[in-house]
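Order of the sequence lines fixes the chain letters, A, B, ..., with proteins taken first and strands second; residue numbering starts at 1 for each chain. In what follows, every heavy atom counts, from backbone to side chain, and hydrogens, waters and symmetry copies are set aside. The structure displayed is predicted, hence computed values, not measured ones.
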Amino acid sequence: MPFLQLKNIHHTYFTKSSVTTALSGITLDIEEGEFVSFLGPSGCGKTTLLSIIAGLIRPTEGTVLLENLPVDKAVNKIGYMLQQDYLFPWKTIEENILIGLKLMKTLTPEKRQKALKLLEQMGLSGFESKYPKQLSGGMRQRAALVRTLAVEPKLLILDEPFSALDHQTKLRLEDLVYATLKSYGKTAILVTHDIGEAIAMSDRIFLLSPRPGSLYHSFKVPGLLRELSPFEARNHQTFSEIFQDIWKELDHIEAGT
Amino acid sequence: MKQELKINLLHQKYIQTLIRRKRWVRFYQAVIFLLFFAGWETASRLSWIDPLVFSSPSKVLNLLAAKIQDGSLFMHLGYTLFETVAGFMIGTVLGTLLAAILWWSPFLSKVLDPYLVILNSMPKVALGPILIVAIGPNVSSIIAMGTIISIIITAIVVYTSFKGVDPNYLKVLQTFGATKRQTFMEAILPASFPTIISALKVNVGLSWVGVIVGEFLVSSKGLGYLIIYGFQVFNFTLVLMSLLVIAVFATIMYQLVEFLEKKLIKNSG
């Protein structure tokens, strides 16, 4: 039984003057512990798809099952990381990372300790009582990751979490996030514009075509690269071969629209 | 080494220019103050202006000293301050509460929209006579005046701020399964705190208007009463003294709220 099942997902937005189909006929399975990426040009409904997987919006048609349960009943099992950190500026880092546990009313001293430990692993010990604006962009995004992981989600959704960072910070954070997720055995879905990032981090890559968003192609990243950290993977020779393949397919998609 | 010295010197020069400029600003502020009161005094003594209507600073000061000595000023001031503070606090709290209700129910907010526009554009002091008859000619009806004048505008401004909170913050909370109440308490309200405080600042001024007009209408105590009484017995020294006291205390109250603002919203934004 697959961990996450998407069955024939369609989604249409209605406004007074227009009807827009954002997603059409998306069916796929994701195994537990897998890291998959969605790549695609803007307008292919990536964010819509993520919101549907997270159970935040209900698709017009189709179902999403997480461990055979509909996701809108399993909101607490899914962690969501956004493009920017969206740490609450009026809360300290500690209050920020504990907000999920507080909202779910599962804040125990042990869970608090666990969250603080994770913060330490992310190199942020000593920043517990600081406010977000006192931290750099990369540090804030790491704190946001701790906030997401503190509630121990089974599935992690990453919506271009590195796109607002400078290149160096981004590469470092990719390695850190990758290592953290692997060590906890988390299943993760990443959405990105960055082909290299998708190859470096994922086990499988799905290409989406735009308007309406649908599955165009999928790639399996060879085991060779999966063994390596994202940074090492970027320097491997097979990396550029896959990069070329995906580049061509994306060109096809663009040409077709 | 030499370079560093030069930069230090330039920095000190820059600071001195700043200090000098600030001194000049203060100087001219003082000049305006003195010229105004000296001119007023002279014009009054030489009867360039009617001393009966415009009085003079020395008469106002003498009266002020007398009123302080017999303690009656503090009684009047106390009443007015109490009514104003109560008015703008209640107005801000109720206005925010109304904004929360509108945020809670988008349907209700759509339904109420035209009524809010009407209530907002109506001059609230015109409701004075009705309030006084309904509540009675006492402190309560004056506080009601101070409140009613600020409540609708607060509700509109704060509601707009509630709606303007970045939806991504709400998304973060939703992924943790937050209820509507939790979303409000954790994100909407704290994010709108700066707006609420600045509404408080506007409301201080509005409540003074409401309270003074209220005292014109009913009161036998308060600074508004002193003004209307002075007008009735043609004692314009009393009117001007009350105005001066109002100016001073309205400024102090505004500064206090500004101080509170700085203290409270240090970490937002």
Side-chain angles (χ1 to χ4, degrees), chain A residues 47-48 50-51 53-57 71-93 95-107 129-135 143-145 147-153 155-161 164, chain B residues 92-93 96 99-100 103-104 106-107 109-111 113 157-158 160-201 257-269:
Chain A
T47 302
T48 308
L50 290 187
S51 296
I53 295 174
L56 296 177
I57 50 179
V71 274
D72 45 344
K73 297 205 175 65
V75 172
N76 296 357
K77 291 182 182 161
I78 297 168
Y80 201 117
M81 231 177 128
L82 297 152
Q83 285 171 35
Q84 278 158 39
D85 51 81
Y86 289 105
L87 295 171
F88 296 100
W90 53 85
K91 289 180 188 292
T92 62
I93 295 301
E95 285 166 344
N96 263 298
I97 61 169
L98 297 178
I99 179 86
L101 295 168
K102 185 179 157 197
L103 291 176
M104 294 176 186
K105 303 203 163 65
T106 54
L107 182 56
S129 53
K130 293 269 192 295
Y131 286 91
K133 69 171 176 193
Q134 294 169 288
L135 273 61
L145 179 66
R147 173 175 69 184
T148 312
L149 290 176
V151 295
E152 297 173 356
L155 171 68
L156 203 69
I157 292 174
L158 307 163
D159 187 358
E160 300 184 34
Chain B
T92 310
V93 170
T96 306
W103 176 82
W104 199 271
F107 182 74
S109 106
K110 278 227 168 69
V111 171
D113 183 59
V157 170
V158 174
T160 310
S161 155
F162 283 172
K163 279 204 308 185
V165 174
D166 191 329
N168 283 314
Y169 283 122
L170 309 187
K171 198 170 183 178
V172 167
L173 296 180
Q174 269 172 32
T175 59
F176 294 128
T179 60
K180 202 162 187 179
R181 188 193 151 81
Q182 285 174 325
T183 308
F184 183 78
M185 296 308 290
E186 296 292 341
I188 300 284
L189 191 61
S192 304
F193 227 56
T195 311
I196 295 171
I197 302 273
S198 74
L200 206 64
K201 255 157 69 176
V257 175
E258 210 164 49
F259 177 73
L260 189 79
E261 179 179 26
K262 274 191 194 136
K263 281 263 149 194
L264 281 179
I265 56 177
K266 246 186 322 194
N267 293 307
S268 325

(request) Answer with side chain, backbone, both or neither: which region of Lys105(A) has an atom nearer than 4.5 Å to a non-hydrogen atom of chain B? (result) side chain
(message) Using a 4.5 angstrom heavy-atom cutoff, name the option from Lys102(A), Gln83(A), Gln84(A) with the most pairs to chain B.
(response) Lys102(A)
(request) Mind listing the closest non-hydrogen atom pair of Lys130(A) and Leu135(A) along with its distance? (result) CB-CD1, 4.0 Å
(message) Report which part of Leu87(A) has an atom under 4.5 Å of a heavy atom belonging to chain B: side chain, backbone, both, or neither.
(response) backbone
(request) Flag the pair Phe184(B) / Trp103(B) as yes when their ring centroid distance falls below 6.0 Å, and as no otherwise. (result) yes
(request) Considering non-hydrogen atoms only, spot the tightest contact between Leu101(A) and Ala150(A) and give its length. (result) CD2-O, 3.7 Å
(request) Indicate yes or no: at least one non-hydrogen side-chain atom of Glu95(A) is less than 4.5 angstrom from one of Phe88(A). (result) no
